[in-house]
Amino acid sequence: MSSKKGDGWRIVSPAPRTVALALAGARARVRRGVLAQVRGADSLAIYRGSEPMAVVMLARHGWRRTELAMAIAPAAAPHMRRLVRMAQLTLFRLAQDRLIVAAVDPSNQAGQRMAMLTGFRRARLKSPFLWVYRRSGQ
């Protein structure tokens, strides 16, 4: 950690819509999707200092299934270890009583890598997009 003042990590929930839009990129369809997810799901924004690193959305589907979606800032690349560890700790707790799934585009190599590091495995279904979180030891 740096000794600069104001560079600590913090989490804000719910995630501000302005941050979600800032991390969604320039494509209108993606921006609409991220905004809809922030409105309809539990969300949080992860900051390092005043700079947003990621927005996480957790949408419940019934009482036993939760879908994880994330938007990550390019500036977060050097901090991926920290973000992966935060996700591991959070998902491990959530997965005690529900199934956690994520949709990862097969062409998104970075997304697949982060999903694997976090504990997700590609689902054994026809859909190449669906990944399922597996707690250690399962």
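Heavy atoms only: backbone and side chains are in, while hydrogens, waters and symmetry mates are out.
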When rounded to the nearest 0.5 angstrom, what is the spacing between NE2 in His61 and CZ in Arg98? 12.0 Å
Indicate, with yes or no, if Trp131 and Phe92 share a hydrophobic cluster defined by side-chain heavy-atom contacts under 4.5 Å among Ile, Leu, Val, Met, Phe, Trp and Tyr. yes
Is it true that Leu130 and Leu99 fall in one hydrophobic cluster, defined by side-chain heavy atoms closer than 4.5 Å? yes
Non-hydrogen atoms of Val12 and Tyr47 that approach each other most closely: CG2-CE1, 3.6 Å
Please examine the side chains of Arg39 and Arg17, heavy atoms only from C-beta on, and report whether any two atoms are closer than 4.5 Å. yes
Are the side chain of Thr118 and the backbone of Phe120 linked by a donor-acceptor contact shorter than 3.5 Å? no
Applying the side-chain contact (heavy atoms from CB on, under 4.5 Å) test to Leu89, which of Arg93, Met86, Arg85 qualifies? Arg85
Rounded to the nearest 0.5 Å, what separates atom CD1 in Ile46 from atom CZ in Arg10? 12.0 Å
Among Leu83, Asp42, Leu68, which residue meets the side-chain contact (heavy atoms from CB on, under 4.5 Å) test with Val56? Leu68
Short question: side chain of Arg31, backbone of Gly25 - any donor-acceptor pair under 3.5 Å? yes
Please answer whether the main-chain N or O of Arg32 pairs with a side-chain N or O of Arg29 as donor and acceptor at a distance below 3.5 Å. no
Any idea which heavy atoms bring Ser13 and Ser43 closest together, and the distance? OG-O, 2.8 Å
Kindly compute the distance separating CZ (Arg113) from CG (Asn108), expressed to the nearest 0.5 Å. 9.0 Å
pair Val101-Arg65: side-chain heavy atoms closer than 4.5 Å: yes
Determine whether a donor-acceptor pair (N or O, by modelled atom type, separation under 3.5 Å) exists between the side chain of Arg121 and the backbone of Arg134. no
Grab the two heavy atoms, one from Met114 and one from Ile72, that are nearest each other, plus how far apart they are. SD-CD1, 3.5 Å
For residues Gln88 and Tyr133, report the shortest heavy-atom separation together with the two atoms involved. O-OH, 4.0 Å
For Ala123 and Val132, the nearest pair of non-hydrogen atoms, with its separation, is CB-CG2, 3.9 Å
With hydrophobic residues grouped by side-chain heavy-atom distances under 4.5 Å, do Leu44 and Met80 end up in a single group? yes
Find out whether Val55 and Val38 are in side-chain contact, i.e. whether some heavy atom of one side chain is under 4.5 Å from a heavy atom of the other. yes
Check the hydrophobic clustering (I, L, V, M, F, W, Y; side-chain heavy atoms under 4.5 Å; chains of links allowed) and say if Ile11 and Val19 are grouped together. no
Cluster link Phe129 to Met70, ILVMFWY, side chain under 4.5 Å: no
Under a 4.5 Å cut-off applied to non-hydrogen side-chain atoms, are Leu94 and Leu58 in contact? yes
So with a 6.0 Å cut-off around CZ of Arg27, is the heavy-atom count from everything else above 12? no
I need the minimum non-hydrogen distance between Ala45 and Pro16, along with the two atoms involved. CB-CD, 4.0 Å
Test your reading of the model: is there a side-chain donor-acceptor pair from Gln112 to the backbone of Val104, 3.5 Å cut-off? no
